[in-house]
Amino acid sequence: MAFDILIGILSTLGAGIAAQWVAWRFRLPAIVLLFALGLILGPGLNILHPSASLGWLFRPVVSLVVAIVVFEGGLLLDFRQLREAGEGVVRLTLLALPINWALGTLAAHYVAHLEWGVAALFGSIITVTGPTVVLPLLRHNKLKPRVAAFLRWEAIINDPIGAILAAVVLQFVTVRAAEGPGTLVTEILPDMVSSTVVSVAAGILPAYCVNQLFRRDLMPESLKTPLLLTLALVIFSLCNLTMEGAGLVGATVFGMALTNLHVPGLSELRRMKESLVVLFVSVLFILLTADLHRGVLARLSFPILGLTVLVLCVVRPLAIFFSTLGTKLSWQERVFVGWIAPRGIVAAAVAGAAGLRLADAGFASSDLIMPAVFCVIAVTMIVHGFSLRPLARRLGLTLSNEPALAIVGANPWSVELAACLHREGVPVLLVDNRSSALMAAARRGLPLLRAELLSQYGEEALEERPVDYLIAATPDGIYNGLVCAHMAPHFGRQRVFQISPGVARLDLYHGVSRDARGKVMGEPSWNYGLLDSLVEKGWRCVARPATESDGADFGKIANRLDLLSIRRGVAIFIRSAEDETSVTPQPGDLLVSMVAPEAAVAAA
């Protein structure tokens, strides 16, 4: 038994991280790969047996991991970002969710021939679009801010509400079968209201206490993350004692309260929890899919497949259409949101527990609830995972797929580089917090962002105009290092660069720590003073297509500073003396160099 558990843990962790890397490397939806791995390792090769290996621990462990996932999702819900989605988010909860439930119930009864009680439970389960599925898709695709905020808020808010709805429906249909319908008014609804109020309070009050502890410096840094994770798990568990599904409300509200109270130091903690959530989501998807029995797959039938198609193509689009009438959402946004609605972990967990209770209550079609929900989860993850990017692109809801560069610090050299890239159609953004410094760039029609990147506003403003690489080019080498260190977790440490702070400061032992600065752009001698003086002498940035000879000559020609090599739609390669392997341009790449006045005239 112990050996089986060890093999299961190693297989799950290794396969999960491998799938996440493959998804990142080849721009694939990670959830689809994780789902496929679960099917292969579980029902396919019969290697993983999660519930059999862990026994009664399996469901509690899954529930606690889901609590961490929804808590991290709550940390993303800043009310200032709610303006991006507008009134549509409220309508998704107050209007779209009940419409989804009603139409899903009708479809389940008349198409899949489920009993009314089982159909009502199915309808409530499919109202949930989980953050464990939606958030990874949003991370891998550059959607416009409003539609991304719309999907994010819907997934995180409707997740606990849909879980509570499913718990209420399950309790109602099972109790009604034994005691009659009067219990809805006398017992179930009062319990639901009181449990929800308790869960909201249980999420808000600890957040206020945490805020006071952090602001008064009464909690050491090493205990902050363990404290928050522990509180999220405790809140989830205690709220679930009042009612099944209430824990999701408590954990989500706790995360939301922390974010909107602007607890100091939360951004660093949030990044750490994001890494944990990636691991948790990978493990959960594989375990829950691997735990499916072959008997469940065998019960898939044409009525269930027809129900799935109806949910995707009729139920969800109609719910979004009616609930967003009269809003400011464009028809493209309504079509996109009406189609993209992948279901995930919460739906699978609720369906697994519900099937047993329905069977105990004597419902003849209770054994169909799991295959019906599984079919919806599988099809939505695969179809929506692969169709999100092309559909968004077709509807004009994506930002540019070209790799984009942000240059921090508006000065003659950075403006010259940004202008050169802008002329070639390379997405570039010039960032500075001084309006006077940006005036020269504004006159040349360059994309600008006036913000302090070390502020929360600046970080959020940059997220709304996604870029992939950053060069810090202010006269202050220490400030450049701060910007790079602050933005490294967002971009990746290999994608943040700064102009040289001076050769002495680059010593890896005595100089500025590599973790406290960016990679040096170009050679160590290319400091701000050198670049500024070259611009004053008439040196200019020019761009040209790479030829066969450039592969060997790039960075080795005298009186030419080779800066960048751009592969359209793939990557921007910024030269750095700290690279272990030098940049090797391929024919067709766009090369950007700084050349002397006579060469600049010839290139023009």
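One is the number of the first residue; the rest follow in order along the sequence.
Ring pair Trp339/His384 is perpendicular by interplanar angle, where above 60° counts as perpendicular and below 30° as parallel.
Formation of a donor-acceptor pair under 3.5 Å by the Ser593 side chain with backbone atoms of Arg560 is not found in this model. Without hydrogens or angle criteria, Arg343 side chain to Ala341 main chain gives a donor-acceptor distance under 3.5 Å.
Inter-residue side-chain proximity for Leu430 and Val415 is flagged as met; some heavy-atom pair is nearer than 4.5 Å. The shortest distance between side-chain heavy atoms of Trp526 and Val520 does not fall below 4.5 Å. When side chains are defined from C-beta on, Trp413 does not count as touching Leu534, because their heavy atoms never get closer than 4.5 Å. Between Leu417 and Leu421, the closest side-chain pair of non-hydrogen atoms falls below 4.5 Å. The shortest side-chain heavy-atom distance between Leu454 and Val483 falls under the 4.5 Å cut-off. Taking 4.5 Å as the limit, every side-chain heavy atom of Val337 sits out of range of all side-chain heavy atoms of Thr324. Using a 4.5 Å heavy-atom cutoff, the side chains of Val426 and Leu405 are not in contact.
Applying the side-chain hydrogen bond (donor to acceptor under 3.5 Å, both in side chains) test to residues at least two apart or on different chains, the pairs with a partner in residues 419-433 are Asp432-Arg434, Asn433-Glu452. For the salt bridge (Lys or Arg N to Asp or Glu O under 4.0 Å) condition, the pairs that include at least one residue of residues 520-538, sequence neighbours left out, are Glu523-Arg575.
Surrounding CZ of Arg568 are more than 12 heavy atoms belonging to other residues, nucleotides or ligands, all under 6.0 Å away.
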